Amino acid sequence: MATRSISGSNRGSRLGAGAPYVFISLFAVAGLAQLAGSDLALAVGLALFVLGLGHGAGDENDGELRAYSLVLVAAYVVTGLAIAALYLAWPVLGLSIFLAFSAWHFARSDSGMDLLPRLAIAGLAVGGSALLRPETTATVFTAALGEAPPALLLLLLAVVGCAALLAAGGSIILRYAGAASAGLAALACLLFHPVLAVGLIFFGMHALPVQQRQVARYGPTQVIKAIALPTAVATLAAAAIALAVWSGWLALELAVALAFGMATPHMLTERLER
Ligand SMILES: CC1=C(/C=C/C(C)=C/C=C/C(C)=C/C=O)C(C)(C)CCC1
């Protein structure tokens, strides 16, 4: 599948590009969840986001992966809460900024893929569902925002999705490394509930390849030492938030604000050692 790199941009591991089998297995699980109904699709989609938390739980800078210091943890949480507050004050602006950061973050993710498929995957993650499943996407955004999203935002996302679809097609024709993944990302957006499609792209094409690269570069012991505690805390927090929303204790908008807020410092600080 990932047969050739013409850009020469693939340093080190090509796991992300060369592991479509992992992704195909995940895709099959997602397909079963989708067939079982939208509740399970949503649950599996959210679970995939939680499974990917570890890729950003360590402080990876200056060619090293270490545990976050207490000062950095405090700065991270304060920044995350400030962004969550911003999102609650201006949800549409907050969502737009979050999606823009996410696209940038996915596009530069060190997944062993060439640039065009990486751009395709990034564009599909934020705009693929708006293009291919517009009604469900509008419903999900309405629930997340607490208000209907502006038509202009949905249109812009669909345009991004369209460009990304073309980039995925181009990647396949030109047989870039990562083309198979880009094609599967497009298929996911077409076939799956938006949260499941984006969860699959996030975990299978971003978090997992990044984590695999970390293990290859620093060794499993170093990775576990750096990420175990924050991953456990973040996973417990995510489970507590999900439970609180499910039992009606926490408004969904607040949970989404916390999720977007806590993901943003990671996108801003991670240099991915390029
Ligand atoms: C488009 C779209 C979504 C986008 C989610 C994104 C873009 C998440 C990005 C997460 C990142 C980048 C985490 C850090 O590494 C939602 C909210 C699931 C709702 C359904 C449609």
Side-chain angles (χ1 to χ4, degrees), residues 16 30 34 38 41-58 60 76 79-80 83-84 87 91-92 94-111 118 121-146 149 153-154 156-161 164 185-186 188-190 192-211 213-214 227 230-231 234 238 242 245 252-253 255-272:
Q34 179 69 35
S38 65
L42 187 63
V44 171
L46 292 174
L48 286 168
F49 278 108
V50 174
L51 278 178
L53 284 174
H55 88 284
E60 186 178 15
Y76 193 109
T79 313
I83 293 165
Y87 173 82
V92 173
L95 176 67
S96 311
I97 293 176
F98 176 75
L99 292 176
F101 277 153
S102 297
W104 173 69
H105 183 67
F106 286 140
R108 67 194 285 277
S109 116
D110 192 357
S111 54
R118 263 192 284 130
I121 288 167
L124 285 164
V126 297
S129 299
L131 178 72
L132 299 167
R133 293 176 79 101
E135 283 89 23
T136 333
T137 306
T139 310
V140 172
F141 281 151
T142 304
L145 291 168
L153 177 63
L154 292 175
L156 280 175
L157 290 174
V159 170
V160 170
C189 293
L190 179 68
F192 300 153
H193 185 284
V195 174
L196 179 57
V198 184
L200 195 64
I201 294 172
F202 161 75
F203 180 69
M205 294 173 189
H206 172 68
L208 191 61
V210 166
Q211 197 100 71
R213 194 233 341 120
Q214 288 172 342
I227 72 163
T231 305
V245 171
L252 181 64
E253 291 93 309
V256 173
L258 283 172
F260 286 179
M262 287 304 162
T264 306
H266 156 68
M267 296 195 271
L268 295 177
T269 54
E270 182 187 58
R271 291 206 323 240
L272 297 171

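Only heavy atoms go into these numbers, but all of them, side chains included; no hydrogens, no water, no symmetry mates. Both counts, for ligands and for their atoms, begin at 1 and track the order of listing. Model, not experiment: these values are computed from the prediction.
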Output all residues satisfying ring pair (Phe, Tyr, Trp, His ring centres under 6.0 Å) with F203, sequence neighbours left out; order by chain, then residue number. none

Tell me, please, which residues at least two apart from L99 pass side chain to side chain contact (heavy atoms under 4.5 Å, CB included). L95, V126, F141, L157

Taking ring pair (Phe, Tyr, Trp, His ring centres under 6.0 Å) as the test, write out the residues that go with F49, two or more places apart. F202

Do the ring planes of F260 and F98 sit parallel (below 30°), tilted (30 to 60°) or perpendicular (above 60°)? parallel

Residues, nucleotides or ligands: over 12 heavy atoms within 6.0 Å of F101 CZ: no

A185 versus I121, closest heavy-atom pair with distance: CB-CG1, 4.3 Å

How would you list, by chain and number, the residues with a heavy atom under 4.0 angstrom from ligand 1? F49, H55, F98, L99, S102, H105, F106, A125, V126, V140, F141, P194, V198, F202, H206, F260, H266, M267

